[in-house]
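Notes follow once the structure below has been shown.
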Amino acid sequence: MMKGILQFSHHLIEEAVNKGETVIDATCGNGHDTVFLSKVVGEGGHVYGFDIQEQAILNTRELLASQKIKNATIIKDSHSNAIHHLSVDQLTSLGGAIFNLGYLPGSDKGIVTKSETTILAIEGILTHLKENGVVVLVVYHGHEGGELEKRNIMEYVHQLDQKLHSVLYYGFINQKNTPPFIIAIEKRTN
Ligand SMILES: C[S@@+](CC[C@H](N)C(=O)[O-])C[C@H]1O[C@@H](n2cnc3c(N)ncnc32)[C@H](O)[C@@H]1O
């Protein structure tokens, strides 16, 4: 059975990230990926979740509290600053990151991720990511501004040096409208 988009995004993280590592939820939104990541890294690991929207921060903290999850820190800041919030030790154990691009479901559709900050964030994370670590982007692009972000991100990932990174595209090409797809960037071993 082919895995759906969210299922496959989680599968990629599970394959790359080990217990005890640090991971980043770059767009915590309602917190579903934050909860997932906290389970992947276990009690000895840590999740850093970022969002620029107060509502997303509140929703994520509430979800984490309801599940008694203690290994996550939720920060109201742009993901382009993500690596500046991590200690040197955490940066050296950075196993992966996940981005869900677009807007917060059930909220202001005017607050969306933008390619400039998304790309800055990816670049920062790739600098510190462990070998064989992975950055997973779930690209929703049906909303206003989504097409531009998609185009700029595709341009950015196409030019990544294949000696340093493997870039995967995963999506269902016969789905109607503008189905989301995955871009995953794996840091190769030297
Ligand atoms: C598709 S939603 C994320 C959904 C989330 N992963 C979940 O499981 O509910 C995208 C989120 O990105 C946030 N966002 C937009 N620009 C951002 C930025 N520069 N840094 C961090 N988060 C941002 C939005 O506020 C929104 O909550």
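Predicted model, so just to flag it, every value in this text is computed and none were measured. Both counts, for ligands and for their atoms, begin at 1 and track the order of listing.
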What are the polar N/O contacts of ligand 1 with the protein below 3.5 Å, with distances?
{"unit_1": "ligand 1", "atom_1": "6 (N)", "unit_2": "Thr27", "atom_2": "O", "d": "3.1"}
{"unit_1": "ligand 1", "atom_1": "6 (N)", "unit_2": "Asp33", "atom_2": "OD2", "d": "3.4"}
{"unit_1": "ligand 1", "atom_1": "8 (O)", "unit_2": "His32", "atom_2": "N", "d": "3.4"}
{"unit_1": "ligand 1", "atom_1": "9 (O)", "unit_2": "Asn30", "atom_2": "N", "d": "2.8"}
{"unit_1": "ligand 1", "atom_1": "19 (N)", "unit_2": "Ser78", "atom_2": "OG", "d": "3.1"}
{"unit_1": "ligand 1", "atom_1": "19 (N)", "unit_2": "His79", "atom_2": "NE2", "d": "3.4"}
{"unit_1": "ligand 1", "atom_1": "20 (N)", "unit_2": "His79", "atom_2": "N", "d": "2.9"}
{"unit_1": "ligand 1", "atom_1": "20 (N)", "unit_2": "His79", "atom_2": "ND1", "d": "3.2"}
{"unit_1": "ligand 1", "atom_1": "25 (O)", "unit_2": "Asp51", "atom_2": "OD1", "d": "2.6"}
{"unit_1": "ligand 1", "atom_1": "25 (O)", "unit_2": "Gln53", "atom_2": "NE2", "d": "2.8"}
{"unit_1": "ligand 1", "atom_1": "27 (O)", "unit_2": "Asp51", "atom_2": "OD1", "d": "3.4"}
{"unit_1": "ligand 1", "atom_1": "27 (O)", "unit_2": "Asp51", "atom_2": "OD2", "d": "2.7"}

Inset, instruction - Using side-chain contact (heavy atoms from CB on, under 4.5 Å) as the criterion, list what pairs up with Lys3, not counting sequence neighbours. - result: Gln7, Phe8, His11, Tyr170

Inset, instruction - For residues Ile182 and Val139, determine if any side-chain heavy atom of one lies less than 4.5 Å from a side-chain heavy atom of the other. - result: no

Legend entry - Phe36 and His10 aromatic centres sub-6.0 Å: yes

Legend entry - Heavy atoms from other residues, nucleotides or ligands near OH of Tyr103 exceed 12 (cutoff 6.0 Å): no

Legend entry - Centroid-centroid distance, Tyr48 to His85, less than 6.0 Å: no

Legend entry - Ring-ring centroid check Tyr156 His158, cutoff 6.0 Å: no

